[in-house]
Amino acid sequence: MIDLFDTHFLESQENCGMAVIGQFRDLDDPDAFVWLRGFSDMQARHRALAAFYDGPVWREHRNAANATMIDSDDVLLLHPASEADGFVPPAARPAKGTGVPAPAIFQAVTYKLKAPAEAGFLAFYEDMLDPLLRAVGDKRIALFVSEHSDNSFTRLPVRSGENVAIVFSRFADAAAHGAFSKALGSNPAWLATQEKLSAYTVDPPSIARLSPTTRSLLR
């Protein structure tokens with residue numbers, strides 16, 4: 001799937017009007033391919049997806065791509081929590097057939113919430129959690145929350161009826177992420193926040209360790 005994607009599905013999607021922000025291996029789930037794409041608004045999302053999935057590149061390679069997939073429905077619609085919270089990726093990705101996978105690890109922490117993130121959680125995160133995380137070495141690069149608009153391209157199912165906040169951070173390599181995780185897990189101030197955090201969440205946060213593919217823009 002990664003070979004197909006990095007070879008055929010990057011420029012072809014962007015030519016249809018979307019941004020392919022990053023694509024990753026999940027270090028804790030060898031069967032997962034994680035990727036992020038962005039649109040200026042929900043109407044632009046419909047136009048871009050229709051252009052791609054009705055277009056010649058997907059038509060040529062869809063059978064090969066679909067044959068790799070166990071499922072493709074684990075999709076969330078998100079928007080930046082604020083104007084300053086979106087991704088700022090590099091201007092260009094490595095060309096086809098060049099480069100090597102970057103050593104960086106992107107951590108994605110998903111908070112499954114009892115209510116929309118704007119109803120108290122974001123303020124709690126910024127006031128209580130973010131300062132502690134930064135003090136231990138977190139390098140946050142984006143913060144996204146659930147987009148509750150109707151799915152504008154129903155051929156691609158999305159998870160609905162959920163409230164989430166997802167915090168993305170970048171670490172230089174697996175060793176740096178491991179050191180951060182160890183320090184955080186033994187930090188008394190962080191541990192003391194967990195009961196307060198549970199007032200906002202349905203389940204404990206889930207943490208994904210993502211390794212960028214060779215042509216990922218986020219790297």
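Values below: every heavy atom of this structure, side chains too, minus hydrogens, waters and symmetry copies.
Annotation for His46: atom NE2 does not count as buried by contact number, only 12 or fewer foreign heavy atoms lying within 6.0 Å. Crowding of Asn66 atom CG: a count of heavy atoms from other residues, nucleotides or ligands under 6.0 Å exceeding 12. Atom NZ of Lys182 sits in a sparse spot, with 12 or fewer heavy atoms from other residues, nucleotides or ligands closer than 6.0 Å.
Using modelled atom types, no side-chain atom of Thr7 and backbone atom of Leu4 make a donor-acceptor pair closer than 3.5 Å. The closest donor-acceptor contact from the side chain of Ser146 to the backbone of Val164 lies under 3.5 Å. The backbone N or O of Ala189 lies less than 3.5 Å from a partner atom in the side chain of Asn187, making a donor-acceptor pair. Judged by distance alone, the side chain of Arg219 and the main-chain N or O of Pro212 form no donor-acceptor pair under 3.5 Å. Looking at Arg159, its side chain never comes within 3.5 Å of a backbone N or O of Leu76 through a donor-acceptor pair. Listed for the Asn15 side chain is a donor-acceptor partner under 3.5 Å among the backbone atoms of Glu11. Without hydrogens or angle criteria, Ser82 side chain to Ala84 main chain gives a donor-acceptor distance under 3.5 Å.
The closest side-chain heavy-atom distance from Val136 to Leu184 is below 4.5 Å. Using a 4.5 Å heavy-atom threshold, the side chains of Phe5 and Gln23 count as touching. With contacts defined as side-chain heavy-atom distances shorter than 4.5 Å, the pair Leu122/Leu143 qualifies. Counting heavy atoms from C-beta outward, Tyr125 and Leu133 have side chains that approach closer than 4.5 Å.
Ionic pairing of Arg45 and Glu147 is not present here: no N-O contact between side-chain nitrogen and carboxylate oxygen is shorter than 4.0 angstrom. With salt bridges taken as basic N to acidic carboxylate O contacts below 4.0 Å, none links Arg134 and Glu126. Between Glu14 and Arg37 there is no salt bridge, since none of the side-chain N atoms of the basic residue sits less than 4.0 Å from a carboxylate O of the acidic one. Asp26 and Arg209 are not joined by a salt bridge, as no carboxylate oxygen comes within less than 4.0 angstrom of a charged side-chain nitrogen. Using a cut-off of 4.0 Å between Lys/Arg side-chain N and Asp/Glu carboxylate O, Asp31 and Arg25 are scored as not salt-bridged.
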Task: Derivation of the side-chain hydrogen bond (donor to acceptor under 3.5 Å, both in side chains) call for Asn163 and His148 - done: CA-CA 9 Å; Asn163 294 296; His148 290 297; 2.9 Å; yes
Open item on the list: Apply side chain to side chain contact (heavy atoms under 4.5 Å, CB included) to residues Thr213 and Ile2 and explain how you reach the verdict.
Closed with: CA-CA 7 Å; Thr213 70; Ile2 289 171; 3.8 Å; yes
Task: Intermediate values then yes/no, side chain to side chain contact (heavy atoms under 4.5 Å, CB included), Thr193 and Leu132 - done: CA-CA 10 Å; Thr193 66; Leu132 291 171; 3.4 Å; yes
- [ ] Take Asp85 and Arg140, measure what side chain to side chain contact (heavy atoms under 4.5 Å, CB included) needs, and give me the verdict at the end.
- [x] CA-CA 9 Å; Asp85 280 313; Arg140 180 175 121 195; 2.9 Å; yes
Open item on the list: Test side chain to side chain contact (heavy atoms under 4.5 Å, CB included) on Gln107 and Phe171; report intermediate values, then the result.
Closed with: CA-CA 8 Å; Gln107 175 184 267; Phe171 297 86; 3.9 Å; yes
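Of all non-hydrogen atoms in Arg59 and Asp54, the two that sit nearest each other are NH2-O, 2.7 Å.
Leu218 is connected to Leu78 through a chain of hydrophobic side-chain contacts under 4.5 Å among Ile, Leu, Val, Met, Phe, Trp and Tyr, so both are in one cluster. Taking hydrophobic clusters as Ile, Leu, Val, Met, Phe, Trp and Tyr residues chained together by side-chain heavy-atom distances below 4.5 Å, Met1 does not share a cluster with Val34. A continuous path of ILVMFWY side-chain contacts below 4.5 Å connects Phe39 to Leu156, so both sit in one hydrophobic cluster. Following chains of ILVMFWY side-chain contacts shorter than 4.5 Å, one can reach Trp35 starting from Met69, so the two form part of one hydrophobic cluster.
Taking the six-membered ring for Trp and the full ring otherwise, the centers of Phe24 and Phe106 sit less than 6.0 Å from each other.
We find the SG-CH2 distance between Cys16 and Trp58 to be 12.5 Å, quoted to the nearest 0.5 Å.
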